[in-house]
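Encoded as structure tokens, the structure appears first; notes follow it.
All values reported here derive from a predicted model rather than from experimental measurement. Sequence lines set the chain letters: A, B, ... in the order given, protein chains first and strands last, and positions in each chain run from 1.
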Amino acid sequence: MKIVTWNVNSLKVRLPQVINWLVAHQPDILCLQETKLQDEFFPATEIAALGYHSVYTGQKMFNGVALLSKQNGADVVTAIPNLDDSQKRIIAATYEDVRVVCVYVPNGESIVSDKYQYKLMWLDALNRWLSKELEQYPRLALLGDFNIAPEDRDVHAPDLWRGQVLCSESERNAFQELLKLGFADSFRLFDQPDKSYTWWDYRMLAFRRNRGLRIDHIMLSSELASICKSCMIDKEPRKLERPSDHTPVIVEIAQDLEQARSCN
DNA sequence: ATGGCTGTGAATCACAGA
């Protein structure tokens with residue numbers, strides 16, 4: 001099973017790229033963030049023409065998340081239960097016995113902003129919800145744009161970013177608290193190239209200079225981590241005309257331990 | 001060096017992103 005996360009920064013603008021990517025890579029599930037589309041404008045017909053189901057929750061201008069999948073998902077949820085939040089940042093569904101939770105974590109703006117407090121509150125609510133979800137779904141994948149660079153090695157210039165939003169101690173602690181629930185950061189289950197990032201600023205030739213951050217993640221419950229075959233960042237879409245500022249991140253998961261071992 | 005780039009919606013500019 002191939003599962004992917006990609007913050008597309010407007011699905012309206014990026015739809016041709018998403019379609020090309022789907023056709024070329026044939027993921028089982030593609031999680032999208034920042035669709036920036038109200039539900040009535042979601043391009044479900046175009047995506048269905050490729051053989052993909054869509055579930056989505058969006059709003060005008062901001063946020064918006066979606067799950068595109070070869071199989072129809074069950075038990076779709078579009079909000080963190082018991083969290084009063086008008087922003088569309090979460091969608092979850094079950095595919096066979098795998099629960100997939102797609103998140104667009106708040107950016108936070110800066111550590112002195114009200115939006116930073118909202119981010120920390122939101123992450124705490126996510127943690128509390130997922131601690132219960134893990135009991136119900138031992139095979140759980142949590143993926144999306146976390147807007148957190150978990151370690152200095154995930155930052156092109158750690159000293160410049162130290163203490164700043166996306167890298168601050170409280171945000172990194174929140175990330176660690178998710179790991180403590182039993183999740184693994186799938187990217188770090190494998191050897192990876194140095195200076196691997198998933199986001200580069202549009203300005204200052206940041207991509208060409210590889211001045212990026214690794215803020216898009218795929219977290220796997222221990223049961224899924226044990227059968228994870230690979231995790232990689234696909235930088236190719238970032239090289240296209242009018243790219244998203246984020247790249248896709250891809251995991252491959254075996255059906256069972258035996259298959260996982262035979263592939264390693 | 002608090003700029004710079006992109007997308008949205010409105011109305012030639014403000015806001016958000018990270």
Side-chain angles (χ1 to χ4, degrees), chain A residues 5-19 31-43 56-66 85-90 102-123 126 143-175 187 195-217 233 235 237-249:
Chain A
T5 179
W6 191 6
N7 179 325
V8 290
N9 186 19
S10 168
L11 183 56
K12 183 181 171 186
V13 172
R14 233 64 67 190
L15 184 61
Q17 293 183 23
V18 169
I19 287 171
C31 305
L32 301 177
Q33 301 89 37
E34 286 206 87
T35 56
K36 300 186 178 179
L37 286 175
Q38 290 170 288
D39 290 349
E40 56 263 45
F41 302 124
F42 195 89
Y56 41 85
T57 181
Q59 64 190 93
K60 203 174 186 176
M61 291 179 74
F62 307 118
N63 310 314
V65 285
D85 186 8
S86 61
Q87 302 189 20
K88 305 299 188 185
R89 296 183 173 278
I90 191 149
C102 169
V103 293
Y104 175 46
V105 176
N107 167 281
E109 190 178 36
S110 83
I111 62 165
V112 295
S113 169
D114 290 345
K115 294 175 187 172
Y116 181 75
Q117 294 306 318
Y118 165 67
K119 180 179 193 174
L120 295 178
M121 177 277 295
W122 197 95
L123 285 163
L126 178 70
L143 56 171
D145 176 359
F146 285 70
N147 272 317
I148 301 171
E151 300 178 49
D152 279 355
R153 61 176 165 164
D154 302 312
V155 182
H156 70 93
D159 292 333
L160 202 67
W161 280 87
R162 197 171 312 286
Q164 303 285 326
V165 74
L166 314 186
C167 301
S168 73
E169 195 178 342
S170 296
E171 291 162 90
R172 286 180 169 177
N173 285 343
F175 191 88
F187 190 73
K195 305 183 192 305
S196 288
Y197 310 123
T198 66
W199 170 86
W200 298 260
D201 200 301
Y202 283 123
R203 299 164 291 185
M204 304 289 285
L205 304 172
F207 182 65
R208 210 188 72 187
R209 295 170 169 170
N210 199 28
R211 294 185 180 178
L213 304 176
R214 190 175 73 93
I215 56 176
D216 299 86
H217 306 294
I233 295 165
K235 288 174 73 169
R238 191 65 175 77
K239 301 172 183 173
L240 300 172
E241 293 268 320
R242 276 190 105 182
S244 169
D245 41 359
H246 297 252
T247 56
V249 184

So what does [X] hit on the nucleic acid, given a heavy-atom distance under 4.0 Å: a base, only sugar-phosphate, or nothing?
| X | value |
| --- | --- |
| A:D216 | nothing |
| A:Y104 | sugar-phosphate |
| A:R211 | nothing |
| A:E34 | sugar-phosphate |
| A:D145 | sugar-phosphate |
| A:N147 | sugar-phosphate |

Query raised in the report: Nearest to the side chain of A:D201 - B:dG4, B:dA18, B:dT8?
Result: B:dA18
Query raised in the report: To the side chain of A:K60, which of B:dA18, B:dT6, B:dA10 is closest?
Result: B:dA10
Query raised in the report: Among all residues two or more places apart in sequence or in another chain, which pass the ring-ring contact (aromatic ring centres under 6.0 Å, His included) test with A:Y56?
Result: A:F42
Report task. Would you please name every residue forming a ring-ring contact (aromatic ring centres under 6.0 Å, His included) with A:Y116, sequence neighbours left out? Result ->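 Scan of A:Y116 (ring-ring contact (aromatic ring centres under 6.0 Å, His included), adjacent residues dropped) gives none.
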[N] versus [M] - spacing of their [atom1] atoms, nearest Å:
| N | M | atom1 | answer |
| --- | --- | --- | --- |
| B:dA1 | B:dA11 | C1' | 32 Å |
| B:dC5 | B:dA10 | P | 26 Å |
| B:dG9 | B:dG3 | C1' | 24 Å |
| B:dT12 | B:dT2 | P | 28 Å |

Quick one: does [X]'s side chain have a donor or acceptor within less than 3.5 Å of a partner on [Y]'s backbone?
| X | Y | answer |
| --- | --- | --- |
| A:K119 | A:V165 | no |
| A:Y202 | A:D245 | yes |
| A:T198 | A:T247 | no |

Report summary line: In terms of heavy-atom contacts, A:L32 and A:C102 come closest through O-SG, 3.5 Å
Integer-rounded Å distance: [N] [atom2] and [X] [atom1]:
| X | N | atom1 | atom2 | result |
| --- | --- | --- | --- | --- |
| A:Q33 | B:dG17 | CD | P | 14 Å |
| A:D245 | B:dG7 | CG | C1' | 10 Å |
| A:R214 | B:dA18 | CZ | P | 17 Å |
| A:Q87 | B:dA16 | CD | P | 11 Å |
| A:H156 | B:dA18 | NE2 | C1' | 10 Å |
| A:K12 | B:dT6 | NZ | P | 18 Å |
| A:L37 | B:dT8 | CG | C1' | 11 Å |
| A:F207 | B:dT6 | CZ | P | 14 Å |

**Report entry** 5′-ward residue of the pair A:V13/A:I215 relative to DNA chain B
**Finding:**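 Upstream on the strand: A:V13.
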Requested in this report: Using heavy atoms to find the nearest nucleotide of DNA chain B for A:Q38 and A:Q164 separately, return the residue whose nucleotide is more 5′.
Outcome: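 On the 5' side of the pair lies A:Q164.
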Query raised in the report: Charged N to carboxylate O below 4.0 Å: is that the case for A:D152 and A:R172?
Result: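 Counted as a salt bridge, because a side-chain N and a carboxylate O are separated by less than 4.0 Å.
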So, OP1 or OP2 of [N]: does either fall under 4.0 Å of a side-chain N or O from [X]?
| X | N | answer |
| --- | --- | --- |
| A:R242 | B:dG7 | yes |
| A:S244 | B:dT6 | no |
| A:N9 | B:dA18 | no |
| A:H246 | B:dA18 | yes |
| A:R14 | B:dG7 | yes |

Query raised in the report: Taking the side chain as C-beta and beyond, is there a heavy-atom pair between A:K12 and A:L37 under 4.5 Å?
Result: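 Yes, at least one pair of side-chain atoms sits under 4.5 Å.
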**Report entry** Among A:R14, A:H246, A:R242, A:Q33, side-chain contact (heavy atoms from CB on, under 4.5 Å) partner for A:N9
**Finding:**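 That would be A:R14; it is the only one of A:R14, A:H246, A:R242, A:Q33 passing the side-chain contact (heavy atoms from CB on, under 4.5 Å) with A:N9.
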Identify each atom pair where a protein N or O and an N or O of nucleotides 11-15 of chain B are less than 3.5 Å apart, giving names and distance.
none

